[in-house]
Chemist: 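The structure that follows is given in the form of structure tokens.
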Amino acid sequence: MTSNQLPAIGSKTRPLILGISGASGLIYAVRAIKFLLEADYALDVVASKATYMVWQAENNIRMPPEPDLQEQFWREQAGVPSRGKLRCHRWGDVGATLASGSFRTLGMLVIPCSMSTVAKLAAGLSSDLLERAADVQLKENRPLVIVPRETPFSLIHLRNLTTLAEAGARIVPAIPAWYHNPQTIEDLVDFVVARALDQLDIDCIPINRWQGH
């Protein structure tokens, strides 16, 4: 590779930003972290302030705010103690590397993504590091994949998602399929995560893809 050639999407030479917002369904984030780390990707993880409250409400588990402890937390939740690279950032640290377009990345995956986060991104607001990092991907024309977890969608939700799609984001709703013969909840979750990672040209989840009749 010459000095002026960029790594292809899916290359492991740059980190992938993983944003986790306060939507229900944090298992989507856990499974994404699991498979990406097992495939030896480098991850920069930023969880929104609301994520801490959702973890407490849904799992009765306290998520530590300290980056080092949070790294250990995510590795424990994902069951991957040592593979890959994982760096966590405080939600309010808008001076972090992720906040600058000069920080080269593979792009960003926001999973799950709340409608509040969708609305702020659609309006160009950056009130925390997650929102700023996502805004940076759009302005730098890098991949931004949004996995909204809400139902039903209101007209406001649909308009905001359309705005993001028009700005270049890929929208992958947390809607599982059944043609791959899922047997567990994890199978349903993994299908959604795999389809989201497909948008980044990352294939690291062993799912049964459609082979035709």
Side-chain angles (χ1 to χ4, degrees), residues 9-56 58-91 93 96-98 103 105-114 117 128-130 133-134 137 143-149 170 172-174 176 184-207:
I9 297 175
S11 167
K12 300 177 184 179
T13 59
R14 295 178 184 169
L16 173 67
I17 302 174
L18 188 70
I20 307 169
S21 78
S24 180
L26 294 174
I27 187 174
Y28 289 106
V30 172
R31 299 297 285 183
I33 291 172
K34 167 184 168 61
F35 288 109
L36 287 165
L37 289 180
E38 286 180 343
D40 289 322
Y41 277 87
L43 298 179
D44 275 88
V45 173
V46 54
S48 71
K49 184 178 181 180
T51 305
Y52 297 80
M53 294 180 284
V54 174
W55 258 113
Q56 187 70 37
E58 291 190 346
N59 301 286
N60 197 28
I61 300 174
R62 178 185 176 273
M63 186 175 76
E66 299 82 3
D68 291 343
L69 295 179
Q70 195 175 122
E71 175 184 334
Q72 181 181 350
F73 171 85
W74 288 117
R75 284 190 176 277
E76 289 174 352
Q77 295 297 315
V80 186
S82 59
R83 296 283 297 275
K85 296 179 181 179
L86 177 61
R87 181 170 59 170
C88 294
H89 302 267
R90 293 181 184 270
W91 67 271
D93 186 10
T97 52
L98 315 187
F103 181 66
T105 73
L106 294 178
M108 182 173 182
L109 170 63
V110 185
I111 182 170
C113 190
S114 68
T117 299
D128 64 16
L129 181 58
L130 189 158
Q137 307 313 302
L144 173 63
V145 182
I146 303 293
V147 181
R149 216 306 308 158
R170 302 304 300 269
V172 185
T184 65
I185 291 177
E186 284 77 14
D187 289 341
L188 295 171
V189 170
D190 293 350
F191 176 86
V192 172
V193 176
R195 296 297 287 122
L197 292 178
D198 280 349
Q199 308 308 305
L200 295 156
D201 198 23
I202 295 175
D203 184 6
C204 62
I205 301 180
I207 63 170

Chemist: So which heavy atom on Val54 is nearest to which on Ser24, and how close?
Modeler: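 That would be CG1-CA, 4.5 Å.
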Chemist: Would you compute the distance between atom NZ of Lys85 and atom CG of Leu37 and round it to the nearest 0.5 angstrom?
Modeler: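 If we round to the nearest 0.5 Å, Lys85:NZ and Leu37:CG are 12.0 Å apart.
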Chemist: Determine whether Cys204 and Leu36 make a side-chain contact, defined as any pair of heavy atoms from C-beta on separated by less than 4.5 Å.
Modeler: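 Counting from C-beta outward, Cys204 and Leu36 do come under 4.5 Å.
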Chemist: So Pro176 and Val189, do their side chains get closer than 4.5 Å, heavy atoms only?
Modeler: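 Contact flag for Val189/Pro176 side chains = no.
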Chemist: Quickly, which of Ile17, Leu16, Leu86 forms a side chain to side chain contact (heavy atoms under 4.5 Å, CB included) with Val45? Name it, please.
Modeler: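 With Val45 as partner, side chain to side chain contact (heavy atoms under 4.5 Å, CB included) holds for just one option, Leu86.
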Chemist: To the nearest 0.5 Å, what is the distance between CH2 on Trp91 and NZ on Lys49?
Modeler: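 These two atoms lie 4.5 Å from each other.
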Chemist: Any donor-acceptor pair under 3.5 Å linking the side chain of Arg149 with the backbone of Cys113?
Modeler: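 Not confirmed, Arg149 side chain does not pair with Cys113 backbone.
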Chemist: Out of Val145, Val147, Val46, Leu130, which residue meets the side chain to side chain contact (heavy atoms under 4.5 Å, CB included) rule with Val110?
Modeler: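 The residue from Val145, Val147, Val46, Leu130 that satisfies side chain to side chain contact (heavy atoms under 4.5 Å, CB included) with Val110 turns out to be Leu130.
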Chemist: Could you tell me whether the side chain of Ile61 reaches within less than 4.5 Å of the side chain of Gln77, counting heavy atoms only?
Modeler: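 Result yes, sub-4.5 Å side-chain heavy-atom pair found.
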Chemist: With side chains defined as the heavy atoms from C-beta onward, is the minimum distance between Tyr41 and Leu106 less than 4.5 Å?
Modeler: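 A side-chain contact exists here, since the closest heavy-atom pair is under 4.5 Å.
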Chemist: Looking only at non-hydrogen atoms, find the nearest pair between Cys88 and Trp74 and report the distance.
Modeler: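 Minimum heavy-atom separation between Cys88 and Trp74: SG-CD1, 3.7 Å.
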Chemist: Using a 4.5 Å cut-off on heavy atoms from C-beta on, say whether the side chain of Asn60 contacts that of Trp55.
Modeler: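 When only atoms from C-beta onward are counted, Asn60 and Trp55 do not touch, as no gap falls below 4.5 Å.
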Chemist: How close do Val192 and Ala174 get, heavy atom to heavy atom, and via which atoms?
Modeler: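 In this case the closest contact between Val192 and Ala174 is CG1-CA, 3.8 Å.
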Chemist: Can you name the nearest heavy-atom pair linking Pro15 to Phe103, along with the distance?
Modeler: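 For Pro15 and Phe103, the tightest heavy-atom pair comes out as CG-CZ, 3.7 Å.
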Chemist: Do side-chain atoms of Gln137 reach the backbone of Ala133 as a donor and acceptor pair under 3.5 angstrom?
Modeler: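 Checking the backbone N and O of Ala133 against the side chain of Gln137, a donor-acceptor pair under 3.5 Å is found.
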Chemist: Write down the atom of Ile20, the atom of Thr51, and the distance for their closest heavy-atom approach.
Modeler: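 Between these two residues, the closest heavy atoms are O-OG1, 2.9 Å.
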Chemist: So which heavy atom on Thr97 is nearest to which on Arg87, and how close?
Modeler: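 Smallest heavy-atom distance, with atoms named: OG1-NH2, 3.5 Å.
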Chemist: Quick check on Arg195: does its CZ atom have over 12 non-hydrogen neighbours (other residues, nucleotides or ligands) under 6.0 Å away?
Modeler: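 No, the 6.0 Å shell around CZ holds no more than 12 heavy atoms from other groups.
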Chemist: At what distance, to the nearest 0.5 angstrom, does NE2 of His89 lie from CD of Glu71?
Modeler: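 His89 atom NE2 to Glu71 atom CD measures 10.5 Å (nearest 0.5 Å).
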Chemist: Looking at OG1 of Thr117 and CG of Asp128, how far apart are the two atoms once the value is rounded to the nearest 0.5 Å?
Modeler: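 Thr117 OG1 to Asp128 CG: 7.0 Å, rounded to 0.5 Å.
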Chemist: Looking at CG of Asp190 and OG1 of Thr184, how far apart are the two atoms once the value is rounded to the nearest 0.5 Å?
Modeler: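 Result: 7.0 Å between the selected atoms.
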Chemist: Is the shortest heavy-atom distance from the side chain of Val172 to the side chain of Gln199 under 4.5 Å?
Modeler: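 SC-SC contact between Val172 and Gln199 confirmed.
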Chemist: Does atom CZ of Arg170 have more than 12 heavy-atom neighbours from other groups under 6.0 Å away?
Modeler: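 No, the 6.0 Å shell around CZ holds no more than 12 heavy atoms from other groups.
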Chemist: Got a second to check how far Leu197's CG is from Ile205's CD1, nearest 0.5 Å?
Modeler: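 Leu197 atom CG to Ile205 atom CD1 measures 5.0 Å (nearest 0.5 Å).
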Chemist: Look at the side chain of Ser114 and the backbone N and O of Ser21, then say whether any donor-acceptor pair between them is shorter than 3.5 Å.
Modeler: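 No, because the side chain of Ser114 does not come within donor-acceptor range (under 3.5 Å) of the backbone of Ser21.
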Chemist: Just so I know, are the side chains of Pro206 and Phe35 near enough to count as touching, which here means a heavy-atom distance under 4.5 Å?
Modeler: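 They are in contact (side-chain heavy atoms under 4.5 Å apart), so the answer is yes.
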